[in-house]
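A short worksheet on the structure shown next.
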Amino acid sequence: LPGLHVFAITFALEVSVGKTNTVMALNNSNVLLPCIFTSCTGFQDLVFTWYFNTTEMIYQGKIKNKASEPTVVWHNPRVEFVGSTTKKDNNISIVLNSVEFSDAGKYTCHVKNPKERNAQHSATIFLTVVHKMVETDNTVTLIIVGVVGGLIGLLILFMLIKKMVLFIIKKTQDGKKECLVSSSGNDNTENGLAGSKAEQKAPPKA
């Protein structure tokens, strides 16, 4: 039944790290690990935890409700919280400071929401640490070779990566509008839109 399908989507807790789940960082730089969550029903006493390689906890925070910012439960001294939950996105991103080669691996952002009957969801990022980085993108070109170790170079790199990651997350967020169909018993809203577009393209029959 379509109505049941929408009901399931409406209450779904979802965690996202953006379109790409791989991040590259320079040795000895600071790297942003992005994560946002969405919940159509809202949240109460939500707990989020970051893990390194599945088992090692590096950050844990608690959020009372949408009107309050997260409080730290525990964190690794090298991990800094840079998100915000009172703004538009429920951003629970962290920054890992002074990255070392041993930091390469899997980082998991896990969220548990008691308001949704303790619903849980997680998303994973893979971090690669390199000696030097020359990365070219259609929108951002990062050439940090001559200034490796230079604070200005690292700061610029960090700012550009942060800006790019937030842009990617925003684009991903814009594509998720499941909450809008919660009041309708129909789950084919998107399909209907896609279909109407397809019909416009088709030549009219004589």
Side-chain angles (χ1 to χ4, degrees), residues 1-23 32-52 54 57-75 79-95 106-126 162-199:
L1 290 168
L4 290 176
H5 181 63
V6 170
F7 184 80
I9 290 175
T10 306
F11 288 92
L13 172 72
E14 188 166 353
V15 178
S16 171
V17 293
K19 285 184 179 175
T20 175
N21 67 338
T22 55
V23 174
L32 174 74
L33 299 176
C35 185
I36 60 169
F37 69 89
T38 53
S39 170
C40 296
T41 58
F43 55 89
Q44 188 81 33
D45 297 324
L46 179 141
V47 176
F48 65 95
T49 313
W50 277 90
Y51 294 99
F52 173 56
T54 312
M57 186 169 75
I58 58 170
Y59 192 97
Q60 186 170 67
K62 193 172 186 178
I63 314 164
K64 188 170 176 58
N65 52 44
K66 181 68 184 168
S68 58
E69 288 291 351
T71 53
V72 185
V73 176
W74 185 89
H75 74 107
V79 176
E80 179 188 350
F81 181 78
V82 292
S84 172
T85 49
T86 56
K87 293 172 187 169
K88 187 184 172 188
D89 297 329
N90 293 319
N91 185 337
I92 47 173
S93 304
I94 57 170
V95 167
K106 183 169 80 168
Y107 289 82
T108 304
C109 175
H110 178 271
V111 177
K112 182 178 180 182
N113 186 13
K115 192 171 180 178
E116 290 185 69
R117 297 183 181 179
N118 284 327
Q120 299 181 55
H121 197 243
S122 59
T124 302
I125 301 175
F126 294 91
K162 185 172 180 179
K163 199 168 184 178
M164 197 162 66
V165 166
L166 290 174
F167 175 76
I168 291 167
I169 287 180
K170 187 178 184 305
K171 284 290 176 197
T172 308
Q173 187 82 349
D174 288 346
K176 290 175 183 163
K177 302 292 180 190
E178 289 93 340
C179 300
L180 296 177
V181 297
S182 61
S183 60
S184 164
N186 246 335
D187 69 331
N188 60 355
T189 313
E190 289 180 10
N191 294 340
L193 289 172
S196 60
K197 281 179 191 166
E199 283 161 22

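Quick caveat, the model's predicted, so the values are computed rather than measured. The basis for the numbers below is simple: all heavy atoms, side chains too, and nothing from hydrogens, waters or symmetry mates.
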**Study point:** Sidechain-backbone polar pair: T86 side chain, S68 backbone, donor-acceptor under 3.5 Å
**Key:** no
Check your understanding: Looking only at atom types and distance, does a side-chain atom of N113 sit under 3.5 Å from a main-chain N or O of G42, one as donor and one as acceptor?
Key -> yes
Check your understanding: Hey, are the side chains of I36 and N90 touching, using non-hydrogen atoms and a 4.5 Å cut-off?
Key -> no
Check your understanding: When you look at H110 and Y51, which way does the side-chain contact (heavy atoms from CB on, under 4.5 Å) test go after all the steps?
Key -> CA-CA 8 Å; H110 178 271; Y51 294 99; 4.1 Å; yes
Check your understanding: Is there a donor-acceptor pair under 3.5 Å between the side chain of N91 and the backbone N or O of S93?
Key -> yes
Review point. T54 versus K106: any side-chain heavy-atom pair under 4.5 Å?
Key: yes
Point to revise | Side-chain touch V47/V73, heavy atoms, less than 4.5 angstrom | key: no
Check your understanding: Using the ring of each side chain (for Trp, its six-membered ring), is F81 parallel, tilted or perpendicular to F48, with breaks at 30° and 60°?
Key -> tilted
Review point. For S122, which residues count as a side-chain hydrogen bond (donor to acceptor under 3.5 Å, both in side chains) partner, sequence neighbours excluded?
Key: none
Check your understanding: Does some side-chain heavy atom of V111 sit less than 4.5 Å from a side-chain heavy atom of Q120?
Key -> no
Exercise for review: Let me see the working for I125 and W50 under side-chain contact (heavy atoms from CB on, under 4.5 Å), right down to the final yes or no.
Suggested key: CA-CA 11 Å; I125 301 175; W50 277 90; 4.1 Å; yes
Study note, to complete from the structure: Heavy-atom closest pair (S84 atom, E69 atom, distance to 0.1 Å) is OG-OE2, 2.7 Å
Revision key, fill the gap. Heavy-atom nearest pair, C109 first then V15, reads O-CG1, 3.7 Å
**Study point:** Atom NZ of K66: over 12 foreign heavy atoms under 6.0 Å
**Key:** yes
Point to revise | Approximate separation, where rounding is to 0.5 Å, of L32 CG and E80 CD | key: 10.0 Å
Point to revise | Check: I58 and Y107 side chains under 4.5 Å, non-hydrogen atoms | key: yes
**Study point:** Student check: side-chain heavy atoms of I63 and I92 closer than 4.5 Å
**Key:** yes
Study note, to complete from the structure: Separation between OG1 (T38) and CZ (F43), nearest 0.5 Å, reads 11.0 Å
Practice item. Report yes if some heavy atom in the side chain of T85 is under 4.5 Å from a heavy atom in the side chain of P70; otherwise report no. Key: yes
Practice item. Please name the pair of heavy atoms, one in V17 and one in A123, separated by the smallest distance, quoted to 0.1 Å. Key: CG1-CB, 3.7 Å
Review point. Can you check side-chain contact (heavy atoms from CB on, under 4.5 Å) on Q60 and T49, steps first, answer last?
Key: CA-CA 4 Å; Q60 186 170 67; T49 313; 2.9 Å; yes
Check your understanding: Quick one: NE2 on H121 to OG on S16, what's the gap to the nearest 0.5 Å?
Key -> 9.5 Å
Practice item. Please round to the nearest 0.5 Å and tell me the distance separating atom CG of L46 and atom CZ of F37. Key: 4.5 Å
Practice item. Write down the atom of T41, the atom of K115, and the distance for their closest heavy-atom approach. Key: O-NZ, 3.4 Å
